[in-house]
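Report on one structure; see the data block that follows.
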Amino acid sequence: QVRLVESGGGLVQAGGSLRLSCTASGRTFSTYAMGWFRQAPGKEREFVAGISWNRGVTYYADSVKGRFTISRDNAKNTVHLQMNSLKPDDTAVYYCAADLRYTGSQAERYDYWGQGTQVTVSS
């Protein structure tokens, strides 16, 4: 079992930055692939970024490529999402997810989810 807790959300003006963190319980965090997803009101949950458990290979949605950076600190059981040049379209609840076997963009394939953190970008 893995318990995930997100933090770092908030209200920011367009063009600003936020850094989200997701801290995991459990001693095997380093063996889990991690992902960030987001869900805006009235929309489906969408993939944002992912990072593999080994070698830290990263993946990004086209909409955030070049603006967002995912990273992990296995010593602290934490994965971060640095978000720069934020746009109003980035407004959503952001979730982190973990899975032992899957690294990718399909939400249904991740076994563990956090409760989400709200990000609001004002224009």
Side-chain angles (χ1 to χ4, degrees):
Q1 281 283 358
V2 175
R3 181 170 178 263
L4 306 174
V5 178
E6 301 97 335
S7 61
L11 173 65
V12 64
Q13 288 188 331
S17 299
L18 281 175
R19 189 190 195 208
L20 304 183
S21 298
C22 173
T23 301
S25 63
R27 295 175 290 178
T28 58
F29 173 77
S30 62
T31 63
Y32 284 81
M34 303 296 296
W36 283 98
F37 292 77
R38 65 187 181 187
Q39 188 166 18
K43 295 187 177 180
E44 292 187 355
R45 191 168 296 191
E46 65 173 356
F47 172 76
V48 176
I51 187 166
S52 66
W53 71 272
N54 64 338
R55 297 186 295 162
V57 179
T58 57
Y59 310 83
Y60 296 94
D62 288 343
S63 58
V64 306
K65 206 171 290 184
R67 299 188 297 123
F68 291 11
T69 302
I70 187 171
S71 62
R72 66 189 299 159
D73 184 343
N74 288 338
K76 296 183 179 180
N77 281 13
T78 301
V79 61
H80 300 288
L81 185 68
Q82 178 67 42
M83 305 186 296
N84 299 328
S85 302
L86 282 161
K87 306 174 182 179
D89 284 349
D90 294 319
T91 295
V93 177
Y94 282 71
Y95 300 88
C96 71
D99 196 86
L100 263 178
R101 290 166 294 276
Y102 178 70
T103 301
S105 62
Q106 298 178 47
E108 64 272 18
R109 297 187 64 178
Y110 283 83
D111 282 339
Y112 303 102
W113 291 84
Q115 83 290 345
T117 185
Q118 176 71 46
V119 171
T120 303
V121 184
S122 63
S123 56

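- For the residue pair His80 / Ser21, a side-chain donor-acceptor distance below 3.5 Å is found, with atom types taken as modelled.
- No path of Ile, Leu, Val, Met, Phe, Trp and Tyr side chains, each step under 4.5 Å between heavy atoms, connects Val119 with Phe47, placing them in separate hydrophobic clusters.
- Remark: Tyr110 pairs with Phe37, Tyr102 by the ring-ring contact (aromatic ring centres under 6.0 Å, His included) rule, at least two apart or across chains.
- Put simply, the side chain of Thr78 never gets that close to the backbone of Asp73: no donor and acceptor are under 3.5 Å apart.
- Taking the six-membered ring where tryptophan is involved, the planes of Tyr112 and Tyr32 are perpendicular, since the angle between them exceeds 60° and thus also 30°.
- When side chains are defined from C-beta on, Glu46 counts as touching Arg38, because their heavy atoms get closer than 4.5 Å.
- By the salt bridge (charged side-chain N to carboxylate O under 4.0 Å, His left out) test, Arg3 pairs with no residue at all, sequence neighbours left out.
- Side-chain atoms of Gln118 never come within 3.5 Å of backbone atoms of Gly9 as a donor-acceptor pair (strictly under, hydrogens ignored).
- We find the CG-OG1 distance between Leu100 and Thr28 to be 6.5 Å, quoted to the nearest 0.5 Å.
- Side-chain N/O atoms of Asn77 and Thr23 include no donor and acceptor closer than 3.5 Å.
- We find that Lys65 and Asp62 are joined by a salt bridge, their nearest charged nitrogen and carboxylate oxygen being less than 4.0 Å apart.
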> Taking it one step at a time, do Ile51 and Tyr59 satisfy side chain to side chain contact (heavy atoms under 4.5 Å, CB included)?
Replying inline: CA-CA 6 Å; Ile51 187 166; Tyr59 310 83; over 6 Å; no

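- In this structure, CG in Asp90 is found 7.5 Å from CE in Met83, a value given to the nearest 0.5 Å.
- Nearest heavy-atom pair across Asp111 and Arg101 is OD2-NH2, 3.6 Å.
- Using modelled atom types, one side-chain atom of Arg67 and one backbone atom of Ser63 make a donor-acceptor pair closer than 3.5 Å.
- Side-chain contact between Val48 and Tyr60 is absent, with no heavy atoms from C-beta onward closer than 4.5 Å.
- Inter-residue side-chain proximity for Phe29 and Met34 is flagged as met; some heavy-atom pair is nearer than 4.5 Å.
- The heavy-atom pair separating Cys22 from Leu4 by the smallest distance is SG-CB, 3.9 Å.
- Between Arg72 and Trp53, some side-chain heavy-atom pair lies under the 4.5 Å cut-off.
- Nearest heavy-atom pair, Gly116 versus Val93, reported as atom, atom and distance to 0.1 Å: CA-CG1, 3.8 Å.
- Distance check, rounded to the nearest 0.5 Å: NZ of Lys87 to OG of Ser123 gives 14.0 Å.
- The two residues Pro88 and Ala14 come nearest to each other via the heavy atoms CD-CB, 4.1 Å.
- When each of Val121, Leu11, Val12 is checked for a side chain to side chain contact (heavy atoms under 4.5 Å, CB included) with Thr91, only Val121 meets the rule.
- Expressed to the nearest 0.5 Å, how far OG1 of Thr117 lies from CG of Leu20 amounts to 6.0 Å.
- Geometrically, Arg45 engages Tyr95 in a cation-pi contact, judged by NZ or CZ lying under 6.0 Å from the ring centre and within 45° of the ring axis.
- Across Ser17 and Gln82, no two heavy atoms sit closer than the pair CB-NE2, 4.0 Å.
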> Could you go step by step and tell me if Leu18 and Leu86 meet the side chain to side chain contact (heavy atoms under 4.5 Å, CB included) rule?
Replying inline: CA-CA 8 Å; Leu18 281 175; Leu86 282 161; 4.2 Å; yes

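- Annotation for Ala24 and Val2: closest pair CB-CG1, 4.0 Å, computed over non-hydrogen atoms.
- Rounded to the nearest 0.5 angstrom, Arg19 CZ and Thr69 OG1 are separated by 10.5 Å.
- Note that the CD atom of Gln106 and the CG atom of Asp99 stand 11.0 Å from one another [nearest 0.5 Å].
- Residue-environment remark: CD (Glu108) exceeds the threshold of 12 foreign heavy atoms within 6.0 Å.
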